[in-house]
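Note sheet for the following structure.
Everything numeric in this text was worked out from a predicted model, so none of it was measured. Along the sequence shown, residues carry numbers from 1.
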Amino acid sequence: MTTVPGAGPQPDPAETVDRPALRRCVAGDLDEFGSTYWGSRALLSHAPDLPAPYDDLFTLTAADELLSRRGLRTPFLRIAKNGSVVGDSQFTGSGGVGADISDQVRDDKVAALFASGHTVVLQALHRTWPALVDFATQLSTDAGHPVQINAYITPPESQGFSAHYDVHDVFVLQVAGEKHWTVHEPVHVDPLRNQPWTDHSAEVAAAARDTSPVVDEVLRPGDALYVPRGFLHSAKTLGGVSAHLTVGLHTLTRYLLVQELAALAAREPALRTALPIGFDPGDPTQLAEVLPEVTELLIAQLRSTSVDDLALRLRRRTWSANRPESIPPLAHAAALTTLAPGTTVRLRGGLRHRLVLGSDPVTLQLPDRTITFPAAVGQALSQLLNGQEHKVGTLPGLPVEDQLVLVRRLLREAVLVPTS
């Protein structure tokens, strides 16, 4: 970190380039955030200590456009007041002629509900609003965990949801207005996806009422708040309309490894055999007769599982959680027809991949498939996948015609995108 007088802490330039989306969510040293705060402590970052406000990502005007002109359907909108969610029928209707869909958002109904003190929640903005599509892709790359983004627009002096916890980590990015946030320590540490706060609603209410908060602050435009999963939180709008982005990181946990290791145990035939006829799994005595053998078989299978086997399952499960950079289909198809020496290409942003060299064929592992290539293209392929821009005709180890063949295939597979 360096410090510029009067400007607050400034990020290291290399850090900003390497993890630009994460840098917009966290003030201070990112490595310190990872070691000290990630998953364990809430952190408030003030606007002067962050690179820029968030009006390039989302605004109230953007919210109005989505609610009135984009033909949203119910999965992308939720409306609530004082913790109670409104039924879809209160703000949806037919899309009309040529779009006879019964659950499209009605802007007039949304306006009436908002005017009566309801909070509007625009869901999955990482799929519907271009700036946030790109931001989510980059943040997922920076953090290594899948990302979703919702926007909460709350009327003056209103509270959308009472104290609760999320089962994923959250960055709150204040876009407009002011909102008072209180955050408390967990009552259930590190909840999994199937352990919602409603399982502990009495403890949550008591902790929010009786314990001192770890954060009790007003967020203003440009401020960011990190809330680890399990931490209790609630917020109330002050003064005018408030809008914030809730950037959820669907944390990959050690229990994910346990789940996939258990799934791999299904390869052991002895673990697939039927239990005795008439067996009662709720009877401890009967269970005690088979559990030792099952336990030994499971332990043996776990010890014999290779890292490569586990990594293959995890790639299939996690690499597709966030989509990579959007591709304009028509323009991308046109680029294939105009590909020539001098065309500049680069790796598609946010595309998870792994290149395995040193064998023939060379393999490129992608979220949903594996592609093979002759060993002779390994050096050129490695360069194409390094994240930099490259011109066809300048790749190492291949004549120009073979470079064209390689790049054309990678464009067809949507691994590369043209930049000129």
Side-chain angles (χ1 to χ4, degrees), residues 34 38-39 136-137 139-148 167-169 190-195 229 248-275 281 287 290-325 347-387 406 409-410 412-416:
W38 173 249
T137 297
L139 183 58
S140 180
T141 299
D142 293 355
H145 297 261
V147 171
Q148 71 169 67
V167 293
H168 51 264
D169 288 35
D190 290 335
L192 299 173
R193 302 279 310 162
N194 63 347
Q195 297 173 327
R229 64 195 167 103
L249 283 82
H250 287 240
T251 322
L252 306 180
T253 67
R254 286 175 170 82
Y255 187 66
L256 172 64
L257 306 188
V258 172
Q259 290 176 304
E260 294 305 322
L261 284 167
L264 284 167
R267 298 179 302 183
E268 170 55 56
L271 285 171
R272 301 197 303 265
T273 58
L275 292 167
L287 198 59
V290 299
L291 186 59
E293 180 187 4
V294 171
T295 300
E296 290 301 319
L297 287 168
L298 177 60
I299 291 172
Q301 183 61 38
L302 293 177
R303 285 176 173 163
S304 67
T305 298
S306 72
V307 173
D308 286 340
D309 288 343
L310 182 59
L312 176 60
R313 288 193 63 90
L314 289 168
R315 284 197 298 272
R316 291 171 177 169
R317 180 164 176 173
T318 67
W319 277 13
S320 296
N322 272 114
R323 294 186 186 181
E325 173 186 0
L347 177 67
R348 184 181 180 187
L351 178 68
R352 303 296 296 269
H353 67 280
R354 180 171 179 262
L355 179 63
V356 182
L357 300 170
S359 62
D360 193 359
V362 169
T363 60
L364 176 60
Q365 298 166 349
L366 298 171
D368 58 347
R369 63 198 186 281
T370 295
I371 311 173
T372 60
F373 300 87
V377 309
Q379 188 179 2
L381 185 56
S382 180
Q383 189 169 106
L384 285 167
L385 298 176
N386 68 7
L406 175 61
R409 183 177 181 193
L410 291 170
R412 284 200 181 102
E413 298 281 2
V415 172
L416 299 180

So do the side chains of [X] and [Y] get within less than 4.5 Å of each other, counting heavy atoms only?
X    : Y    : answer
R229 : T251 : yes
D169 : W38  : yes
V415 : L384 : no
L314 : L257 : yes
T370 : L364 : no
P146 : L249 : no
R316 : L312 : yes
N322 : T137 : no

Just verifying a value: how many Å separate [X] [atom1] and [Y] [atom2], rounded to the nearest 0.5 Å?
X    : Y    : atom1 : atom2 : value
S304 : I299 : OG    : CD1   : 12.0 Å
L351 : L366 : CG    : CG    : 5.5 Å
S382 : N386 : OG    : CG    : 7.0 Å
R193 : Y255 : CZ    : OH    : 14.0 Å

Please indicate whether [X] has more than 12 foreign heavy atoms, meaning atoms of other residues, nucleotides or ligands, lying under 6.0 Å from its [atom1].
X    : atom1 : answer
R254 : CZ    : no
R272 : CZ    : yes
R323 : CZ    : no

>> For L381 and Q379: C-alpha separation, side-chain torsions, deciding distance, then whether side chain to side chain contact (heavy atoms under 4.5 Å, CB included) applies.
In response: CA-CA 5 Å; L381 185 56; Q379 188 179 2; over 6 Å; no
> Is R267 salt-bridged to D309, cutoff N-O under 4.0 Å?
Replying inline: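 So R267 pairs with D309 through a salt bridge.
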> Taking only residues two or more places apart in sequence, or in another chain, which ones meet R317 in a salt bridge (charged side-chain N to carboxylate O under 4.0 Å, His left out)?
Replying inline: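 With sequence neighbours excluded, R317 shows a salt bridge (charged side-chain N to carboxylate O under 4.0 Å, His left out) to E260, given in chain and number order.
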Using modelled atom types and a 3.5 Å cut-off, is there a donor and acceptor pairing between side-chain atoms of [X] and backbone atoms of [Y]?
X    : Y    : result
E293 : V290 : no
R348 : E325 : yes
T305 : Q301 : yes
T295 : L291 : yes

>> Between L347 and L410, is the side chain to side chain contact (heavy atoms under 4.5 Å, CB included) condition met? List the steps.
In response: CA-CA 9 Å; L347 177 67; L410 291 170; over 6 Å; no
>> Please evaluate residues H250 and H145 with respect to the criterion side chain to side chain contact (heavy atoms under 4.5 Å, CB included), reporting the C-alpha separation (whole Å), side-chain torsions for both, the decisive distance (0.1 Å), and the verdict.
In response: CA-CA 6 Å; H250 287 240; H145 297 261; over 6 Å; no
Give the table of side-chain donor-acceptor pairs shorter than 3.5 Å for residues 356-363, with sequence neighbours excluded, one pair per line with atom names and distance.
unit_1, atom_1, unit_2, atom_2, d
S359, OG, P361, O, 3.1
D360, OD1, A375, N, 3.4

>> Quiz question: by atom type and distance under 3.5 Å, do the side chains of H353 and Q365 form a donor-acceptor pair?
In response: no
>> Give me the atom names and distance for the closest heavy-atom approach of L298 to A265.
In response: CD1-CB, 3.7 Å
> Are R315 and R354 close enough, and set up right, to give a side chain to side chain contact (heavy atoms under 4.5 Å, CB included), and what steps lead you there?
Replying inline: CA-CA 10 Å; R315 284 197 298 272; R354 180 171 179 262; 4.3 Å; yes
>> Does the Lys NZ or Arg CZ of R409 fall within the cation-pi geometry relative to F373 - under 6.0 Å from the ring centre and within 45° of the axis?
In response: yes
